[in-house]
Protein chains: 2
Amino acid sequence: MSAANVRNTHPLIRKLETVFPLSDEERKAILALPIDQRVIEAHQDIVREGDRPSRSFVIADGVACAFRMTGEGKRQILAFHITGDMPDLQSLHLQTLDISIGTITACKVGFIQHEDLQRLCERQARVAAALWRETLIYAAMFREWITNIGRRQALGRAAHFMCEYIVRARAMGLVEDYSCELPITQEELSDAMGLSIVHVNRVLQELRKLGLINLESRHLTVLDWTRLQEVGDFDAGYLHLPKTAT
Amino acid sequence: MSAANVRNTHPLIRKLETVFPLSDEERKAILALPIDQRVIEAHQDIVREGDRPSRSFVIADGVACAFRMTGEGKRQILAFHITGDMPDLQSLHLQTLDISIGTITACKVGFIQHEDLQRLCERQARVAAALWRETLIYAAMFREWITNIGRRQALGRAAHFMCEYIVRARAMGLVEDYSCELPITQEELSDAMGLSIVHVNRVLQELRKLGLINLESRHLTVLDWTRLQEVGDFDAGYLHLPKTAT
DNA sequence: CGCACTCTTGACCGAGATCAACATTCGTGG
DNA sequence: CCACGAATGTTGATCTCGGTCAAGAGTGCG
């Protein structure tokens with residue numbers, strides 16, 4: 001599948017098919033889901049902590065992030081979400097959202113009512129399992145991120161981030177030759193990595209100086225994948241991608 | 001329910017009933033699950049990163065922890081698990097474990113085959129949802145922990161930990177008067193909080209000096225719950241406990 | 001073309017790490 | 001029941017990674 005025609009598929013189908021090929025019936029059931037598609041401009045909250053959503057959404061295009069605010073007004077970004085992700089799928093079973101989700105770039109977003117998802121899950125056991133699985137992978141990413149913030153220094157943290165991002169983007173067909181869009185500012189990176197903006201800047205320069213990455217005008221190119229993984233102490237296992245995509 | 005007779009209930013029933021009252025049929029279905037109960041002594045790994053378990057387990061008694069190791073041999077503890085927890089429930093849908101789970105104290109552990117859990121889920125939709133929900137709450141705890149490590153300083157981190165631990169323990173009926181067992185060494189705490197042992201020691205003394213907690217011989221007492229929550233920037237919302245338990 | 005956002009650089013500071021003893025507790029075997 | 005060694009907890013001195021502050025340089029958009 002080329003990156004071009006991939007954009008025309010149903011984002012949910014595209015995501016689930018990275019796990020296993022869907023049956024015709026399953027595909028039909030997903031296509032029958034009523035989806036409320038809309039475009040949300042950059043730097044808007046899609047849902048907020050404390051909301052009690054009656055629907056979840058899938059990102060069809062763009063980059064969003066899940067975040068929490070500290071009592072002292074500091075922001076912690078928990079994850080960046082790209083095409084195919086369902087960042088608040090959890091609200092299907094947890095009434096009150098414990099995170100906010102905001103756009104980084106303009107996003108094409110498809111809202112799906114919980115009742116429709118629930119019905120889909122009841123009738124298509126494999127799809128239910130795949131969605132459950134999806135939430136489990138987010139949990140695995142969070143675990144890895146705790147490890148990253150808790151026990152790696154700044155340079156490794158940044159390298160790790162780059163590895164994770166590009167691997168996830170590749171799984172959705174957004175990467176050509178170790179190169180992809182990375183429309184994330186250094187401030188956003190700092191809120192994700194638990195560092196100051198200034199230090200993120202220095203660490204990125206270090207990664208460039210080491211010849212590991214090229215990062216300019218919102219475009220990331222990995223120059224030395226092997227060494228970047230080493231520096232970032234990265235092993236894609238926790239993302240649970242099918243072998244072909246790794 | 002007193003803490004004494006609570007110990008005699010099926011740990012899974014006890015856990016699920018913190019969410020909603022089970023029907024007779026559901027209760028019967030759970031009691032019919034073949035469980036392989038055994039005691040595992042302290043400081044043993046129950047499962048290891050890379051394992052492909054064919055069963056999950058529920059902790060009937062004791063404290064365990066989920067952890068990952070860095071490339072440089074540093075340990076990051078991701079969560080402490082207490083009575084009623086199913087720390088590797090994720091393995092039901094993710095083949096390969098991305099974490100290890102080890103005992104802190106001796107643990108009574110009940111292993112349940114995946115196939116049996118799967119069958120239970122197919123037949124008891126509410127139980128399936130409750131188990132899914134359980135994994136979602138773990139994810140919420142991970143998110144909170146990222147925030148804690150990424151954007152709070154040491155004192156707040158420690159205070160937050162104490163808050164979370166005692167709230168979770170209370171939900172399982174293990175707390176009397178803001179007081180419970182905390183059989184966790186400062187080294188283990190340091191690996192959880194992303195701090196050095198020495199600094200954990202100093203921070204704990206600070207919490208004692210502030211009159212917020214009492215912590216000696218593996219026993220934690222919260223002396224000033226309101227201020228401890230303030231210092232720890234703690235709000236139990238993310239634990240998604242029923243109102244009665246909060 | 002001007003203002004706001006983002007990135008970059010330098011100087012200084014401080015929370016927490018590291019190193020090194022020492023104290024205390026606890027489990028174990030004699 | 002005591003003795004001893006290992007694990008755990010405590011304290012002080014010093015160092016360092018990363019934070020904070022401040023100012024400038026690009027960059028892009030209205």
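Below, each value reflects all heavy atoms present in this structure, side chains not excepted, and no hydrogens, waters or symmetry copies. Numbered from 1 within each chain, the chains take letters A, B, ... in sequence-line order.
Qualifying salt bridge (Lys or Arg N to Asp or Glu O under 4.0 Å) partners for B:E188, counting only residues two or more places apart in sequence or in other chains: none. Scored by the side chain to side chain donor-acceptor pair (under 3.5 Å) test, B:D235 finds no partners at all (sequence neighbours excluded).
Each of B:V198 and B:E188 was matched to the nucleotide of DNA chain D holding its nearest heavy atom; the match closer to the 5' end belongs to B:E188. In this structure, A:Q153 and A:S217 both approach DNA chain D, and ranking their closest nucleotides by distance from the 5' end singles out A:Q153.
Helix bend of the helix from C:dC1-D:dG30 to C:dG30-D:dC1: the angle between its two end axes, each built from five pairs, comes to 50° after rounding to 10°.
Side chains of B:H240 and A:T96: no donor on one and acceptor on the other come within 3.5 Å. Side-chain polar atoms of A:E144 and A:N148 form no donor-acceptor pair below 3.5 angstrom.
Every pair passing salt bridge (charged side-chain N to carboxylate O under 4.0 Å, His left out) that includes a residue from residues 69-79 of chain B is listed here, sequence neighbours excluded: B:R75-B:D191.
You can see that DNA chain D meets the heavy atoms of chain A within a 4.0 Å-exclusive cut from D:dG18 to D:dC21, reading 5' to 3'. The nucleotide range of DNA chain C contacted by chain B, defined by atoms under 4.0 angstrom from heavy atoms of the protein and reported 5' to 3', is C:dG16 to C:dC19.
Rounding to the nearest 0.5 Å gives a distance of 10.5 Å between CE of A:M162 and CG of A:L212. Rounding to the nearest 0.5 Å places OG1 of B:T18 at 11.5 Å from CZ of B:R168. The structure places OH of B:Y238 at 8.0 Å from CZ of A:R68, a figure rounded to the nearest 0.5 Å.
Residue B:S196 is in base contact, counting any heavy-atom pair closer than 4.0 Å across all strands shown. Heavy atoms of A:R157 sit nowhere under 4.0 angstrom from any nucleic acid atom.
Using cut-offs of 30° and 60° for the angle between ring planes, the A:W225 and A:Y178 rings count as tilted.
With B:F67 as the aromatic partner, A:R143 does not meet the cation-pi criteria of under 6.0 angstrom to the ring centre and within 45 degrees of the ring axis.
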